[in-house]
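In the text below, chain A, chain B and the rest are named by the order of the sequence lines, each starting its count at 1.
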Amino acid sequence: MSEARLPAAFLRSGTSSFAEFLADHAPDLLPTRRLAGSAPLADDAAPHGTTIVALTFPGGVLIAGDRRATMGNLIASRDIEKIYATDEYSAGGFAGTAGIAVELMRLFQVELEHYEKIEGTVLSFDGKANRLSALIRNNLGMAMQGMAVVPLLVGYDVDARRGRMFSYDVTGGRYEETGYHSVGSGSLFAKGSLKKLYRPDLDEDEATRVAIEALYDAADDDSATGGPDVSRRLYPIVHVITAEGGRRLSEQTVAEVATRVVASRLGQPNGPIASLASPSVAGEIPGGDPA
Amino acid sequence: MSMPFYVSPEQLMKDRADFARKGIARGRSVVAVQYADGILFASENPSQALHKVSELYDRIAFAAVGRYNEFENLRIAGVRLADMRGYSYDRRDVTGRALANAYAQTLGAVFSSGGEKPFEVELFVGEIGDTAADDQIYRLTYDGQVADVHQYAVMGGAAESVATYLQERYAEGASLGDALALAVAALGHTDAEDRSIAVDALEVAVLDRTRPQRRKFSRLSPARLESLLGSPSAP
């Protein structure tokens, strides 16, 4: 970049992908092109991000993440942020090696904005999901060395007019999820919680409550997931996307919901108890009886 | 025996400059006007798809006149440079000055090298700061000269008569509506007559520091232009 005249690569027509441009012109800036051939990294060598939950509600989608990062049995960070607004209508959260994940999310952000500026139009939601797939696939080598990144992408599809979400595996495989999903070390517990609390007709406030309950349940049983930290006033990050665009819920809003969740658990440590009666709600229940 | 023609360097440069100037003079003008909340760019452009004004980065915009393929190439290069800088350093480290410099070096190097056809383009790089006093407009010519201009700037076809019109009527701290009305009137002004340009033949974009988003660039839709031009004193 010290060269005065713009190098030829900048003036070459062709790609509208920022990642492809970097791969061609400055591959050392890509988060995924390092350490080829080195030994696998130990579990406690770098911080890991843990649990992300996401759920759709009529008119939008919500994604939330706890604030903990761990290195082996140590808590590496109590206030890490794992939810990123990737553009106006999409957001992502990640579980896995934090250093690489943060950079990947940043690259993905620039990728979307770059495309928008060069093409003068916004990528479709499926297009965004496919671009993230490609970025994750490039990280496969690092994933084999123990530095996996598993994101969860949510967004409001302006064409289909509904919230959608995609989960990924380390090979870049992408899977559309309906209703709710969770990734990370506490995801087993969060998903169990979501399974019992999720209803397709939740409104935004109820969806926020369900997400915080699910993160609480994940923190309850997974040591790598952090619960609401009342004494330090550290609460989950919640990002909501609707037809009006995306916004992060204010710390105060999340604090109020989290405080209510914590208070209700003082009397009932396991949280809300699902009824044995069959729910009679309209809409699709993920994994529900197809008959 | 054939003799190679001798062409003096002055003549060579003059010919190249004349060539570039002729290409640029064929196009319609683009104006940039500073107003209270930022910078407004306006041009007469019947195409809704091929833009003369576009976004480079959070607070930086690009405007051009001349050959479309050439300035489109330069625009993409600017987006790449800005995004690469912002990605490898920080978003705040992307400055209009650095972009204007890169453009100046590129235009200048091509202009003075014998082997390449000079660019038939002129560019504006506009950047807004936190207050109107920090706003910058850089004007770049085909030969790589940079000028740091204030208040208003014009380039392209009828630049001189448009600039005269603006010079007589420009007022600092104008509202968006007033700045827009002035810019549109200036674009329609010729020595012979004043035309009024239809809203759907206008391309207008602003860098607006009051936008809550990080990206301050926004295009004004024909509907928005209509309502702004209908009541010129509205904020």
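Here the side chain of B/Asp148 pairs no donor or acceptor atom with the backbone of B/Tyr138 at under 3.5 angstrom. Of the possible polar contacts, one joining the A/Glu111 side chain to the A/Phe18 backbone as a donor-acceptor pair under 3.5 Å is found. When atom types are taken as modelled, the side chain of B/Glu203 and the backbone of B/Val53 share a donor-acceptor pair closer than 3.5 angstrom. Remark: the backbone N or O of A/Gly163 is not paired with any side-chain donor or acceptor of A/Thr56 at under 3.5 angstrom.
The contact list for residues 55-67 of chain B toward chain A, using heavy atoms and a distance under 4.5 Å, reads B/Glu55, B/Leu56, B/Tyr57, B/Asp58 by residue number. Contact annotation for residues 28-43 of chain B against chain A (heavy-atom separation below 4.5 Å): no residues qualify.
In this structure, B/Tyr68 and B/Phe71 have perpendicular ring planes: the angle between them is above 60°, well past the 30° mark.
For the 3.5 Å distance criterion, the side chains of B/Asp208 and B/Thr210 qualify, holding a donor opposite an acceptor. Between A/Ser124 and A/Asp126, the side chains place no donor N or O within less than 3.5 Å of an acceptor N or O (distance only, hydrogens not considered).
Applying the side-chain contact (heavy atoms from CB on, under 4.5 Å) criterion to B/Ser218, with sequence neighbours excluded, gives B/Val206, B/Arg211, B/Leu220. For B/Val110, the side-chain contact (heavy atoms from CB on, under 4.5 Å) test picks out A/Arg5, B/Glu116, B/Phe119, with sequence neighbours left out.
If you tally non-hydrogen atom pairs under 4.5 Å between each of A/Arg12, A/His114, A/Glu116, A/Gln109 and chain B, the highest count goes to A/His114.
Of the two parts of B/Arg215, only the side chain, counted from C-beta on, holds a non-hydrogen atom closer than 4.5 Å to a non-hydrogen atom of chain A. Interface remark: A/Ala9 contributes backbone atoms only to the contact with chain B (heavy atom separation under 4.5 Å). Using a 4.5 Å cut-off between heavy atoms, A/Leu22 touches chain B through its side chain atoms alone.
Checked against a 6.0 Å centroid threshold, the rings of A/Tyr84 and A/Phe108 do not count as neighbours.
Each of A/Val53, A/Asp66, A/Ile212, A/Val257 was compared with A/Pro236 under the side chain to side chain contact (heavy atoms under 4.5 Å, CB included) criterion, and only A/Ile212 meets it.
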